[in-house]
Amino acid sequence: MEPVKELKKQQTQEKALKITGAEAIIHCLLAEGVNTLYGYPGGAIMPVYDELYKFRDQLHHVLTRHEQGAVHAAQGFARASGRVGVAIATSGPGATNLVTGLADAQIDSTPVVCITGQVPRHLLGSDAFQETDIIGISTPVTKWNYQITRAEEIPEILAKAFYIARSGRPGPVLVDITKNAQFDSLDFTYKPCKGVRSYKPVPQPDLAAIEAAAHLINQAKKPYIVFGQGIILGKAEAELKAFVEKSGIPAAWTILGLSALDSDHPLNVGMVGMHGNYGPNVLTNECDLLLAIGMRFDDRVTGNLATYAKQAKVIHFEIDPAEVNKNVKVDLALLGNAKETLALLLPKIEKKSHGAWLGEFHKKYEEEYEAVIRRDMKPDKPGLTMAEVIAEINKATDHNAIIVTDVGQHQMVACRYAKFRQSKSNITSGGLGTMGFALPAAIGAKMGAMDREVIAIAGDGGYQMNIQELGTIFQTRTPVKIVVLNNDFLGMVRQWQELFFDKRYASTVMTNPDFVKIAEGYHIKACRVSERADLAGAVAEMIACPDAYFLEVKVEKEDNVFPMIPSGASVSDIRLK
């Protein structure tokens, strides 16, 4: 009988199955519906890998080339699929190599479970080979972590790990398992976790607050919505659309909220933040009611807090009470999942059209178009711009691709100019700003959404931070498309050096390898473009290719991303040049 069927039979009969801790880990993953995980083997996790080998028909393990690649791939999988991503690593350096991805997942609310091996229980604290206190190290960057030292703990703790990772405001969980616990036997039964004492992942909506919010919305003359990833995580896209259309309120998004509302929706007015659109930033300080839905008032969104939306009443829709009044003092908090709070609010608001107010956003867009967008799309210089490349990708994919961006100028340009018709289409490192994110995250995103085109967009700097994951693409035959926008600079840092450090380009000039040859070394079809006349054909060829494809586009070396809010400035001080 197949192992999974045997497990289900035993669970149905409510009888314990006598197995090792390592095998119990595999059964727990299967019981949680895991079919794909990412990792790198080593001594302290070897018993689990031995069991993975036996269950290879049920669990697809992806051997990444670095543990950081594994956790970023798990993040990409989670963001594209809406399921918990899983990464696995050995002790010591294997575990510490996960930390950057854990921190990234923590600040961007990505549900990930990381399992690490650990030295045997009797060696803990002895500075044994590859022993590291990963619990102490990871505590600040995880939603929860736990060290298992006895085999019988495994089912309960892993069930709790998955529950905590996916519930409420999602986040990363790390479970460290000593080697003796993997070898020892236990009587295995599995019960999915349905709750943890004192942990209330979703606050109950306050109906009085809902009534108060409806009153403020119905009275407002210049209401304004800024929505974030909470819409996507809460599966509230339909509720947001209905709310926006009935209320007639202009709606802008944070970079993690991008794709929750159709890019071409008439009430979608663009992006807020340091490199966001002109109108959504400036008019933040002119609205009379600000509705912040599933966003956390990050400093890149607010700019100078002393001047942010001081004229407006603020309603904060938030699942995590810790975020309320943390950065911006609000007049009303609507706690709970945005899907539920918006549904409760919808019948209480009046159907309106704020035509004149919406027109102010349109006027600001025209200013931005003349000063920035026209130049980005139709430059008056021979070199290609990043915006042109994004526009060509939009056209070739009919706005239906998942775009996974790295961090830097290309990220801001992609978020500004990429167009989407489906949710979960924009995957990027938001709060932590992790260079090296895009390539491994794109691998996970493709595996989490095999029916969609997945395109990784990176700069020449960030791309090289995890370039080794080309080996993962080659080995797994994952058909991701990779676009490197190469300006031979660490572009975003160079822009700041130009504007604020008198063009002292300290350590930002990049001497790059031949990226095409490197891709070809991994048997990935590759192309380089430097002329405008060749761009459309190269992008079309990339999209038409059924396999992985690498495209390098040589872009202007010293092009800047505008608009831009200087660090510490008010959103009203956004610069168009």
Side-chain angles (χ1 to χ4, degrees), residues 2-4 6-7 10-11 16-32 34-67 69-71 73-74 84-98 112-135 137-138 145-162 173-190:
E2 293 180 12
V4 176
E6 174 66 20
L7 172 63
Q10 294 287 348
Q11 289 175 327
L17 187 67
K18 193 76 170 181
I19 56 176
T20 66
E23 189 176 356
I25 292 166
I26 305 304
H27 285 318
C28 292
L29 295 176
L30 292 170
E32 288 291 341
V34 176
N35 57 18
T36 304
L37 69 160
Y38 305 87
Y40 204 97
I45 199 69
M46 206 173 295
V48 175
Y49 270 87
D50 188 54
E51 293 299 331
L52 273 172
Y53 181 81
K54 299 172 188 175
F55 283 80
R56 59 190 181 278
D57 291 336
Q58 287 86 39
L59 268 175
H60 177 213
H61 175 266
V62 179
L63 175 63
T64 58
R65 297 309 188 257
H66 192 285
E67 292 88 353
V71 67
V84 177
V86 179
I88 184 168
T90 194
S91 63
T96 59
N97 283 342
L98 298 173
V112 171
V113 169
C114 290
I115 297 171
T116 53
Q118 184 55 274
V119 301
R121 181 179 181 178
H122 72 278
L123 291 179
L124 289 173
S126 69
D127 292 331
F129 177 68
Q130 292 192 333
E131 181 196 0
T132 299
D133 179 12
I134 193 59
I135 295 298
I137 291 170
S138 65
N145 64 13
Y146 189 90
Q147 185 176 76
I148 293 174
T149 60
R150 296 179 296 112
E152 53 265 32
E153 296 179 280
I154 289 171
E156 180 183 357
I157 295 303
L158 285 182
K160 187 176 178 181
F162 276 89
V173 170
L174 182 137
V175 179
D176 191 44
I177 308 176
T178 58
K179 198 168 184 178
N180 65 284
Q182 298 171 49
F183 276 126
D184 290 345
S185 296
L186 72 155
D187 293 325
F188 179 83
T189 57
Y190 192 79

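Residue indices begin at 1 and follow the sequence shown.
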Would you check if [X] and [Y] make a side-chain contact, meaning some heavy-atom pair closer than 4.5 Å?
X	Y	answer
Thr20	Glu51	yes
Glu32	Val86	no
Glu153	Tyr146	yes
Leu29	Phe55	no
Gln130	Pro93	yes
Ile88	Val48	yes
Arg150	Arg121	yes

Mark yes or no for whether [X], through its side chain, and [Y], through its backbone, hold a donor-acceptor pair below 3.5 Å.
X	Y	answer
Asn145	Ile135	yes
Lys179	Gly43	yes
Gln182	Ala44	yes
Gln118	Thr132	yes

**Study point:** Atom CD of Glu131: over 12 foreign heavy atoms under 6.0 Å
**Key:** yes
Check your understanding: Partners of Tyr49 by ring pair (Phe, Tyr, Trp, His ring centres under 6.0 Å), sequence neighbours excluded?
Key -> His61
Practice item. Assert yes or no for the condition that the ring centre distance of His27 to Tyr190 is strictly below 6.0 Å. Key: no
